[in-house]
Amino acid sequence: MAAAGAPDGMEEPGMDTEAETVATEAPARPLNCVEAEAAAGAAAAAAEDSCDARGSLQPAPAQPPGDPVAQASVSNGEDAGGGAGRELVDLKIIWNKTKHDVRVPLDSTGSELKQKIHSITGLPPAMQKVMYKGLVPEDKTLREIKVTSGAKIMVVGSTINDVLAVNTPKDAAQQDAKAEENKKEPLCRQKQHRKVLDKGKPEDVMPSLKGAQERLPTVPLSGMYNKSGGKVRLTFKLEQDQLWIGTKERTEKLPMGSIKNVVSEPIEGHEDYHMMAFQLGPTEASYYWVYWVPTQYVDAIKDTVLGKWQYF
């Protein structure tokens, strides 16, 4: 008995699978030369497109932390241009009681710093004295002299206009004073001194050396008169910083720092001797006069009393 067929419009189970198997197992028709070459070219092009697509989708490698290349795009605006990468330092420039805050490269030289000061103060570099723990050398950098941020730089100097404004009247005043002094009668001719000088040289006056300069002797200077005509001697106690003025009656021990000034003038007709005064107070009325001082000791006395001997 024959098997019943499947209803119309329905496929029997396994038909598709069987068909596919038949199609798969069916041998492929050999390609001719033209077809084979075309197929190979198409496959190569497809492979190349696939590689390009994969390459374009790969992420860019991240820059490692601290890489200079990654940080090069981040910079301070003040480092841009010619100053890029230069270490800066903040300074306080103090001139004429005025403070100026500036920022300059730490490797600037003293000469370059003067140019900067000139730009903000108008003070010419040649008239500047720039000080930081002493005078700043023009040929050394701020780094070399160990300038730190926030350091105070002191500047001393005057502009050309200031110099002209100050010196012109000062010079005129000095000239007037000098002219007035020339008009004055020499001290040795004044009545108050004449009465002492008219007594003549003391018999025990110390010898003089005209045109010579000598250091103070180790013994007191003696053989001189004071304003009253009495004998006087001068003893310089350098270890005590005192001047002893001795007379027959007493000895005055004066601190050298209390003596305001020392003036002298050659005695007319006896230029190898001087009359000398020590100013003990604020006015000329406090002068202590000494007559017949040997000329070779005059400069040494002034330098010793006024303190110049302390400077080497």
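Predicted model, so just to flag it, every value in this text is computed and none were measured.
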Could you go step by step and tell me if Ile259 and Leu280 meet the side chain to side chain contact (heavy atoms under 4.5 Å, CB included) rule? CA-CA 5 Å; Ile259 301 174; Leu280 307 181; 4.1 Å; yes

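- Counting heavy atoms from C-beta outward, Thr109 and Asp139 have side chains that stay 4.5 Å or more apart.
- A pairwise comparison of heavy atoms in Asp272 and Ser208 identifies OD2-OG, 2.9 Å as the closest pair.
- Expressed to the nearest 0.5 Å, how far CD1 of Ile301 lies from CZ of Arg215 amounts to 14.5 Å.
- A distance of 13.5 Å separates CZ of Arg194 from NZ of Lys191, quoted to the nearest 0.5 Å.
- With sequence neighbours excluded, no residue forms a side-chain hydrogen bond (donor to acceptor under 3.5 Å, both in side chains) with Thr121.
- With sequence neighbours excluded, the residues satisfying side-chain contact (heavy atoms from CB on, under 4.5 Å) with Val136 are Val130, Tyr132, Ile145.
- Between Phe278 and Val305, the shortest heavy-atom distance links the atoms CE2-CG2, 4.2 Å.
- Atom CZ of Arg189 is surrounded by 12 or fewer heavy atoms from other residues, nucleotides or ligands within 6.0 Å.
- Side-chain contact between Val232 and Tyr291: absent, with no pair of heavy atoms (C-beta onward) separated by less than 4.5 Å.
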Evaluation steps, side chain to side chain contact (heavy atoms under 4.5 Å, CB included), between Lys237 and Leu243: CA-CA 6 Å; Lys237 295 288 186 178; Leu243 168 62; over 6 Å; no

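- For Glu252, the side-chain hydrogen bond (donor to acceptor under 3.5 Å, both in side chains) partners are Arg250, not counting sequence neighbours.
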After noting the C-alpha distance and the side-chain angles of Met256 and Leu238, does the key distance pass the side chain to side chain contact (heavy atoms under 4.5 Å, CB included) rule? CA-CA 9 Å; Met256 292 190 189; Leu238 300 183; 4.0 Å; yes

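- The minimum heavy-atom distance linking Pro294 with Pro207 is given by the pair CB-O, 3.9 Å.
- Contact annotation: the side chain of Gln242 never approaches that of Phe236 to less than 4.5 Å [non-hydrogen atoms, C-beta and beyond].
- Under the 4.5 angstrom side-chain criterion for Ile, Leu, Val, Met, Phe, Trp and Tyr, Trp244 has no cluster partners at all.
- How far CG of Leu113 is from CG of Leu91: 7.0 Å, rounded to the nearest 0.5 Å.
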Dump the intermediate steps for side chain to side chain donor-acceptor pair (under 3.5 Å) on Lys302 and Ser264, then the final yes or no. CA-CA 9 Å; Lys302 290 181 178 180; Ser264 69; 3.1 Å; yes

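- With Gln128 contributing its side chain and Lys114 its backbone, the two residues share a donor-acceptor pair below 3.5 Å.
- Residue Lys260 qualifies as open at atom NZ: its count of foreign heavy atoms under 6.0 Å is 12 or below.
- Not counting sequence neighbours, the partners of Glu265 by the side-chain contact (heavy atoms from CB on, under 4.5 Å) test are Pro186, Leu187, Cys188, Met275.
- Listed by chain and number, the residues in a ring pair (Phe, Tyr, Trp, His ring centres under 6.0 Å) with His270 are Trp292 (sequence neighbours excluded).
- A continuous path of ILVMFWY side-chain contacts below 4.5 Å connects Leu234 to Met206, so both sit in one hydrophobic cluster.
- Residues Gln192 and Lys227 meet the side-chain proximity criterion, which asks for heavy atoms closer than 4.5 Å.
- Tyr297 meets the ring pair (Phe, Tyr, Trp, His ring centres under 6.0 Å) test with no other residue; sequence neighbours excluded.
- Side-chain contact between Ile94 and Ile153 is absent, with no heavy-atom pair separated by less than 4.5 Å.
- With a 6.0 Å radius and a threshold of 12 heavy atoms from other residues, nucleotides or ligands, Glu239 has its CD atom above the threshold.
- With contacts defined as side-chain heavy-atom distances shorter than 4.5 Å, the pair Thr251/Arg233 qualifies.
- Scanning all heavy atoms of the two residues, the minimum distance from Leu142 to Pro105 falls at CD1-O, 3.9 Å.
- The pair Asp107-Arg86 does not meet the salt-bridge criterion, since no charged nitrogen lies less than 4.0 angstrom from a carboxylate oxygen.
- Atom-to-atom distance recorded for Glu87:CD and Arg143:CZ is 4.5 Å, nearest 0.5 angstrom.
- No side-chain heavy atom of Val263 sits under 4.5 Å from any side-chain heavy atom of Gln279.
- Between Leu88 and Val104, every side-chain heavy-atom pair lies at or beyond the 4.5 Å cut-off.
- Here Leu106 contributes atom CG and Glu144 contributes atom CD; the two are 10.0 Å apart, rounded to the nearest 0.5 Å.
- Looking at residues two or more places apart in sequence or on another chain, you find a side-chain contact (heavy atoms from CB on, under 4.5 Å) between Lys199 and Tyr225.
- Legend: residues meeting ring pair (Phe, Tyr, Trp, His ring centres under 6.0 Å) with Tyr287, ordered by chain and number and at least two apart, are Trp289.
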Lys253 vs Ile245, test: side chain to side chain contact (heavy atoms under 4.5 Å, CB included). Steps then yes/no. CA-CA 7 Å; Lys253 300 180 180 181; Ile245 302 178; over 6 Å; no

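- Summarising the geometry, atom CD1 belonging to Ile117 is positioned 12.5 Å from atom CD belonging to Glu112; distances are rounded to the nearest 0.5 Å.
- Residues satisfying the side-chain hydrogen bond (donor to acceptor under 3.5 Å, both in side chains) test with Gln115, not counting sequence neighbours, are none.
- Side-chain atoms of Ser228 and Asn226 form a donor-acceptor pair, as typed in the model, at a separation below 3.5 Å.
- Residues meeting the side-chain hydrogen bond (donor to acceptor under 3.5 Å, both in side chains) test with Glu214, sequence neighbours left out: none.
- Evaluation of the side-chain contact (heavy atoms from CB on, under 4.5 Å) rule for Asp204 yields Pro202, Lys231 as partners, not counting sequence neighbours.
- Scanning both residues, Thr295 and Leu209, for their nearest heavy atoms gives CG2-O, 3.5 Å.
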